[in-house]
Asks: 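Handing you this structure, nothing more for now.
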2 protein chains.
Amino acid sequence: MNDEKVYAETLKHIHRLIVQDGLAPGDKLPSERELAERLGVGRSSVREALRALEFLGLIETRRGEGTYMCEIGSHQLVDLLAMFLLENERAKADLAETKWLVERLLLELFCQRQGEEAIGRLEKTVRQKPIDFERFFQTIAEAAGNYLLVRIWRALSAFAAAFAPKPSLADSFYDQLLAALKKRDSAEAIAVWEAHRPWPLSKKS
Amino acid sequence: MNDEKVYAETLKHIHRLIVQDGLAPGDKLPSERELAERLGVGRSSVREALRALEFLGLIETRRGEGTYMCEIGSHQLVDLLAMFLLENERAKADLAETKWLVERLLLELFCQRQGEEAIGRLEKTVRQKPIDFERFFQTIAEAAGNYLLVRIWRALSAFAAAFAPKPSLADSFYDQLLAALKKRDSAEAIAVWEAHRPWPLSKKS
DNA sequence: ACCATTAGGTGGTCAGACCAGTATGGAATT
DNA sequence: AATTCCATACTGGTCTGACCACCTAATGGT
């Protein structure tokens, strides 16, 4: 019945353990040997599961010390994925497009949910020349109120940064966008967005 | 001097091997034992490297057959990250919203790229009562021409299924949507979408 | 109080064994 | 000659036990 691979099961078990114990970034996981014994599996299976988690950027192993939870969105996975993504032109195009679309979504959400303090932080970012697009959009993303979408954006952004130059946009773009956002006018914001960062929404395939 | 971990080095070696040999999706990798011998490392280290690649969604292992390259993108990755992210109520709401937004995006892309055969498949799906939303949207997603976005949608969809019942929509919704899609009228399609599957794009937090 | 030593724990790695599937080729059958 | 069937070799999956390098903390002597 249960033909699931042991290392995959182990991965789920470890996940359950993390959730149940409420482990936060920085916390220590049980040792490999203890995990193996508690889960009734071999240490090698535990290690294979941990390896997956490590390369996904969820844990960090320190020789002689132990295994620790770490901040998600780590670069390990970004570098690795980028390494493979680089070999595929199509994937690059899809990534760029997806990033663009998600950013447009975030603009829309921002207009419907933003508070005054978010606008204030945006203005501050814009005053700091040269304007940092990543930083600017990070603020928008956080204020958009959808944490999962922010996560997705961060991942896309990190991937894109791994093998594409940062987009350099004119100051006027930020000014116009900010004006639209202040009015909570999502239609205008999107119009500004599409005018300054056009994406060929037309390719056949 | 070289204090890099063996499984990390092995990972790079395997990548180099894949690039040099020009392995494409579907191609077979050397066996674990052969890799271990060629790279002069233990089989367990090879396995740990492969495990990372597998959970990153880059390779697929089939017991008794071998290890194969698979489509690039992110699926396991998104799955796993989501698994760790979706542990609270807030995340569930974000998931539902994100899924809704991504689906709206896919509708837009579909209108700009769809071919006639995609429309045909949609009509076929609609004729099969009861209409399966997942199946219907799967067709739209694939025809939208952005593989990465499809992957993200699939992950979102899978997770949503775990938390919430499948949305049950009136047949008239599919009819109206199909009519709009036939005309490649993204504005109308989105209008139908928002009318039948409304999402409270207004919550403060 | 200080510092050096030491013992135990931890991750990292390897080798070997065995299991459970699949593929393959040759023998037996038709 | 074509087909079926099965032994065999190969593949991934798993466990065990051993050893290394490293870190920490307790120990013990000064």
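Sequence lines set the chain letters: A, B, ... in the order given, protein chains first and strands last, and positions in each chain run from 1.
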Asks: Consider only side-chain N and O atoms of A/Asp132 and A/Thr125, and report whether a donor and an acceptor are under 3.5 Å apart.
Replies: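 No, because no side-chain N or O of A/Asp132 sits under 3.5 Å from a partner of the opposite role on A/Thr125.
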
Asks: When every nucleotide of nucleotides 12-25 of chain D is labelled 5' to 3' by its protein contacts under 4.0 Å (heavy atoms), B for base, S for sugar-phosphate only, - for none, what sequence of letters results?
Replies: BBBB--BB-BBSS-

Asks: Between A/Trp193 and A/Tyr174, does the ring centre distance come in under 6.0 Å?
Replies: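 Here the rings of A/Tyr174 and A/Trp193 have centres that are no less than 6.0 Å from each other.
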
Asks: Please list every donor-acceptor pair under 3.5 Å in which a side-chain atom of residues 33-41 of chain A meets a protein atom from a residue at least two apart or in another chain.
Replies:
unit_1  : atom_1 : unit_2  : atom_2 : d
A/Glu34 : OE2    : A/Arg38 : NH1    : 2.9

Asks: Side chains of A/Ser157 and A/Glu134: any donor to acceptor distance under 3.5 Å?
Replies: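 Yes, side-chain donor-acceptor contact under 3.5 Å.
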
Asks: Whether the B/Tyr7 and A/Glu54 side chains hold a donor-acceptor pair (N or O, under 3.5 Å, no angle test) is what I'd like checked.
Replies: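 Yes.
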
Asks: Report the end-to-end axis angle of the helix from C/dA1-D/dT30 to C/dT30-D/dA1; each axis comes from five terminal pairs, and the value is rounded to 10°.
Replies: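 Comparing the axis at each end, I get an angle of 10°.
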
Asks: Between D/dT11 atom P and B/Ile59 atom CD1, what is the distance in whole Å?
Replies: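 For the pair B/Ile59 CD1 and D/dT11 P, the rounded distance is 15 Å.
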
Asks: Take a 6.0 Å sphere around NZ of A/Lys124 and say whether it holds more than 12 heavy atoms from other residues, nucleotides or ligands.
Replies: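 Check fails, neighbour count at 12 or below.
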
Asks: Distance only, no hydrogens: is a donor on one side chain within 3.5 Å (strictly under) of an acceptor on the other, for A/Gln112 and A/Glu108?
Replies: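 Judged by distance alone, the side chains do not pair up.
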
Asks: Could you go through A/Tyr68 and A/Leu29, starting from their C-alpha distance and side-chain angles, then the distance that decides it, and tell me whether this counts as side-chain contact (heavy atoms from CB on, under 4.5 Å)?
Replies: CA-CA 6 Å; A/Tyr68 298 83; A/Leu29 269 70; 5.9 Å; no

